[in-house]
2 protein chains.
Amino acid sequence: MDQPVHPGLTDEAIADRLREAGLRVTKSRVAVYRVLHESDGHLSVDEIVELVAARGERYPRMTVYNIIARFLGAGLVMQADAGPGRALYEIAERWHHHFVCRVCGSVYDVPCVVGRKPCLEPDASDIGEVDEAQIIFRGVCTACTSSPHHEN
Amino acid sequence: MDQPVHPGLTDEAIADRLREAGLRVTKSRVAVYRVLHESDGHLSVDEIVELVAARGERYPRMTVYNIIARFLGAGLVMQADAGPGRALYEIAERWHHHFVCRVCGSVYDVPCVVGRKPCLEPDASDIGEVDEAQIIFRGVCTACTSSPHHEN
DNA sequence: CGTCTATATTTGATATTGTCAACACAACGA
DNA sequence: TCGTTGTGTTGACAATATCAAATATAGACG
């Protein structure tokens with residue numbers, strides 16, 4: 001598992017991306033960006049804390065919440081809704097949607113045919129200005145269909 | 001405000017609906033169904049507890065969670081995701097989606113052109129069997145656009 | 001290179017949301 | 001009416017998110 005899903009970025013490359021987004025460069029921000037980039041998305045705040053800690057840097061949850069809020073504001077990460085009680089975050093690259101398994105809770109990416117926000121326009125445009133449309137598909141994933149008693 | 005959004009149902013009418021769904025009829029279930037029916041949806045569990053209490057019946061949150069879980073299983077109510085940290089429930093009538101205002105957090109209904117689940121099929125059907133597709137539209141509602149400093 | 005200031009991080013407390021287990025109670029059918 | 005089985009209740013608990021105040025640091029400027 002030395003080589004995660006995405007190729008690693010040097011600290012400098014991450015720092016450049018932060019600066020491009022108009023953000024100050026700090027060690028904690030670089031660390032959070034790295035784990036978000038290397039894992040293939042769908043990280044909760046606590047998972048970020050743990051992954052960063054596994055690399056030898058420990059930061060309080062509050063710090064990660066602050067960082068995520070900044071990243072969200074700068075458009076660096078997107079917030080994926082996977083149901084109540086948990087917010088998942090991932091690097092904002094291609095716009096896509098999510099499939100959530102009712103049995104094991106796993107989250108899968110579902111490509112968006114449009115690929116950019118807001119990908120869908122609601123019927124009622126008099127409600128307000130829509131800038132994003134996120135779809136949650138629910139059902140049972142193939143893994144859980146084949147082994148009914150499997151849990152996560 | 002004596003007459004809420006939907007016309008009131010008698011206890012008997014609600015009891016019949018519960019029995020049709022194969023559920024036992026209890027006072028708490030009737031009370032929960034009533035507030036869900038009379039308010040026009042988008043109720044959190046705590047809001048249900050408060051609305052029921054305002055009518056003179058106090059039930060613990062746990063009871064409402066149990067009831068909601070039963071209602072969900074029986075298909076009486078649908079769970080609407082409006083972002084992390086809060087699950088909203090409403091009587092399952094017409095399938096529809098939701099618009100969430102980024103500023104004030106208000107939730108608006110958005111009609112679904114199809115009107116029934118699952119209304120959308122994902123590109124990747126090899127992930128699993130999709131039984132529902134729920135769309136969250138995000139943006140700024142007209143109320144918040146006109147008065148920027150308004151907070152809910 | 002060193003100082004300054006706005007910005008970030010840390011800390012601890014607290015709110016919100018949802019879950020677990022064990023016991024008491026009530027609805028429905030016999 | 002009685003008994004079985006599903007419900008409601010209770011209290012503790014876990015997970016998630018937020019607030020305020022004190023401290024530390026990044027980046028800019030001299």
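Just the heavy atoms: all of them, side chains too, but no hydrogens, waters or symmetry mates, feed the values below. Per chain, numbering begins at 1; letters A, B, ... match sequence-line order.
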Heavy-atom closest pair, residues A:L88 and A:S44: CD2-N, 3.8 Å
Euclidean distance, atom CG of residue B:L23 to atom C1' of D:dG6 [Å, nearest integer]: 11 Å
First locate atom CZ of A:R17, then atom NE2 of A:H37, and finally report the distance between them rounded to the nearest 0.5 Å. 4.5 Å
Integer-rounded Å distance: C:dT7 P and A:R19 CZ: 18 Å
Please figure out whether B:V25 or B:Y65 has its closest DNA chain C nucleotide nearer the 5' end. B:Y65
Counting the atoms with a prime plus P, OP1 and OP2 as sugar-phosphate, which does B:T63 contact under 4.0 Å by heavy atoms, base, sugar-phosphate, or nothing? base
Nearest whole angstrom, please: distance from the P of D:dT7 to the CG of B:L18. 11 Å
As a test of reading the structure: which of D:dT7, D:dG8, D:dT16 is closest to the side chain of B:S28, going by heavy atoms? D:dG8
Taking the nucleotide of DNA chain C with the nearest heavy atom to each, does A:R24 or A:R61 sit closer to the 5' end? A:R24
CD1 of A:I48 versus C1' of D:dT16: gap in Å, rounded? 13 Å
Distance check needed: D:dA21 P versus A:N66 CG, whole Å only. 16 Å
For B:R34 and B:E57, what are the C-alpha separation, side-chain angles and deciding distance, and is it a salt bridge (Lys or Arg N to Asp or Glu O under 4.0 Å)? CA-CA 12 Å; B:R34 171 172 291 113; B:E57 302 178 57; 5.3 Å; no
Identify whether any heavy atom of B:S44 sits under 4.0 Å from a base atom; if not, whether one sits that close to sugar-phosphate; answer base, sugar-phosphate or nothing. nothing
Exam field: side chain A:R61 to backbone A:V45, donor-acceptor pair closer than 3.5 Å: no
Whole angstrom is fine here: how far is it from CE in A:M62 over to C1' in D:dT16? 12 Å
Ignoring backbone atoms, test whether A:T26 places a side-chain nitrogen or oxygen under 4.0 Å from the OP1 or OP2 oxygen of C:dT7. no
Could you give the CZ-to-P distance, from A:R29 to C:dT7, as a whole number of Å? 11 Å
Specify the separation, in whole Å, of atom CD1 of B:I68 and atom P of D:dG8. 12 Å
From C:dG18, D:dG8, C:dT17, pick the nucleotide closest to the side chain of B:A87? C:dG18
Which value, rounded to the nearest 0.5 Å, describes the distance between A:E93 atom CD and A:L76 atom CG? 10.5 Å
